[in-house]
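The structure appears below as structure tokens.
Keep in mind that the numbers below use all heavy atoms, side chains included, and drop hydrogens, waters and symmetry copies. Quick note on labels: first sequence line is chain A, next is B, and so on, each numbered from 1.
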2 protein chains.
Amino acid sequence: MVRPRAFDEEKALQAAMELFWEKGYEATSLSDLTAKMGIQRPSLYSAYGDKKELFEAALRKYNQFHSSYLRARLQSGTSVKEAFRSLFEGIIAEGYGEGPNRGCFCLNAMVELAPHDAKFEVLTREHQMYLTVIFQETLERGIRAGELRSDVNAKRVAQTLVVAMIGLTVFLKSRPDRAFAENSAATILDLLQ
Amino acid sequence: MVRPRAFDEEKALQAAMELFWEKGYEATSLSDLTAKMGIQRPSLYSAYGDKKELFEAALRKYNQFHSSYLRARLQSGTSVKEAFRSLFEGIIAEGYGEGPNRGCFCLNAMVELAPHDAKFEVLTREHQMYLTVIFQETLERGIRAGELRSDVNAKRVAQTLVVAMIGLTVFLKSRPDRAFAENSAATILDLLQ
DNA sequence: ACTATATCATACTGAACGGTATATAACATT
DNA sequence: AATGTTATATACCGTTCAGTATGATATAGT
């Protein structure tokens with residue numbers, strides 16, 4: 001005996017995610033949000049809580065999406081080495097697309113919020129840990145398949161690839177010469193022998 | 001026949017730099033600034049222009065300071081390899097200090113402003129280019145001294161070290177396990193043979 | 001059809017925002 | 001000491017901020 005929601009909560013959350021991803025937390029206003037989400041202010045508050053809670057929900061949604069995306073990219077493809085190469089190449093290509101370079105939502109949140117908010121310190125750290133596990137498992141698969149040398153330390157290399165991916169993603173925000181980005185990616189990928 | 005400034009412009013700018021460095025552009029208010037700088041609002045506007053211009057002046061000051069700091073660290077020390085190791089170790093140590101992890105002001109600005117403001121895209125990119133030159137020159141010195149193998153591609157390795165340093169600095173904002181940071185730094189520094 | 005309940009749209013709240021007008025105070029030159 | 005110029009301090013400007021009170025509206029169960 002209640003009136004049902006007239007908007008799609010997932011769709012609206014997706015819209016909020018896009019906005020926070022592109023502009024960050026502070027620079028995104030509630031008016032920006034309600035406009036893009038296509039809902040009114042009280043609907044937002046009743047469905048998601050305040051601005052910080054909405055941001056957190058958006059980031060969690062992004063992290064899920066991002067993990068799935070990376071796992072899929074690393075599982076498909078002919079080889080582990082080629083999968084990583086393609087992944088890094090895709091990140092670089094993304095950096096030179098049109099429009100503002102939004103990079104990785106989780107890294108943006110790590111820079112803007114993690115140092116001042118323990119909740120986001122944990123949330124962003126745990127996502128990187130999860131990505132590291134995905135990388136490590138992929139490397140171990142490559143070792144088992146005989147594609148990578150058996151003396152490769154999968155955990156250490158995975159950690160290094162994650163740090164390098166973070167560096168590359170952030171660096172691309174300044175739109176450096178493409179050769180710079182390509183060189184550093186290629187040098188890092190030489191870890192995969 | 002004029003009244004002289006009653007405050008030290010460099011000291012006040014330094015105070016603004018500390019504040020923007022720790023909190024970012026959007027999260028820092030003019031009231032925060034005037035309080036920490038110890039001056040009144042009209043003094044701020046007459047001396048530095050508006051908020052964005054003050055931020056730019058603060059970032060330029062930081063970049064100068066940062067370049068000098070890195071150059072000094074890489075020149076002192078017993079060897080090039082040891083200098084880089086010590087530099088990365090210092091970055092990690094900084095990440096586990098008390099208080100909020102402010103990281104690198106230039107990288108914070110790159111994430112928050114570069115995608116939406118061409119001026120900061122250029123400013124942050126040029127600083128990274130300058131750091132790359134410092135790294136490259138240091139590596140070339142190591143090659144000349146016979147400390148590094150002569151087939152090391154100084155430019156490519158310098159670019160890779162810059163990207164890795166960016167990744168490490170940003171990653172530390174989420175306060176990961178220290179062993180993670182140490183592992184990735186050590187693996188990167190293995191490039192120096 | 002009626003009622004209970006939750007959602008909707010509008011309009012509003014006090015506070016904080018970036019930026020400035022105004023008037024007083026302090027100095028260097030004459 | 002008088003004058004012209006700039007820095008200072010206070011108080012204010014209109015706007016925008018995050019968040020909410022209010023009342024109309026729509027639906028599900030009776």
Let me know the distance between [atom1] of [X] and [atom2] of [N], rounded to the nearest Å.
X: A/L30; N: D/dT16; atom1: CG; atom2: P; answer: 15 Å
X: B/Y48; N: C/dG19; atom1: OH; atom2: C1'; answer: 17 Å
X: A/E53; N: D/dA18; atom1: CD; atom2: P; answer: 15 Å
X: B/D32; N: C/dC17; atom1: CG; atom2: P; answer: 7 Å
X: A/E9; N: C/dT7; atom1: CD; atom2: C1'; answer: 12 Å
X: A/M37; N: D/dA18; atom1: CE; atom2: P; answer: 13 Å
X: B/L33; N: C/dC17; atom1: CG; atom2: P; answer: 10 Å
X: B/D50; N: C/dG19; atom1: CG; atom2: P; answer: 5 Å

Between [X] and [Y], does any side-chain donor sit less than 3.5 Å from a side-chain acceptor?
X: B/D190; Y: B/T187; value: no
X: A/E10; Y: A/Q14; value: no
X: A/E147; Y: A/S79; value: yes

_Nearest heavy-atom neighbours spanning B/C106 and B/T124_ = O-CG2, 3.6 Å
*When you get a sec, tell me which of C/dG19, C/dC17, C/dC8 is the closest nucleotide to the side chain of B/K51?*
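Taking heavy atoms from C-beta onward, the closest nucleotide is C/dG19.
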*Look at the side chain of B/S31 and decide which nucleotide, out of C/dC17, D/dA18, C/dT20, has an atom nearest to it.*
C/dC17
*asked:* What's A/T34 touching, base or sugar-phosphate or nothing? Going by heavy atoms closer than 4.0 Å.
replied: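 It contacts nothing in the nucleic acid.
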*Side chain A/R5 and base C/dA6 donor-acceptor under 3.5 Å*: no
_With ring-ring contact (aromatic ring centres under 6.0 Å, His included) as the test, pick out the partner of B/F105 among B/F65, B/F120, B/F55._
B/F55
_Using heavy-atom distances to pick each residue's nearest nucleotide on DNA chain C, tell me which of A/P42 and A/S46 is more 5'._
A/S46
*Want to settle it: does B/Q40 or A/Y45 sit nearer the 5' end of DNA chain D, counting the closest nucleotide to each?*
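Per heavy-atom nearest nucleotide, the more 5' residue is B/Q40.
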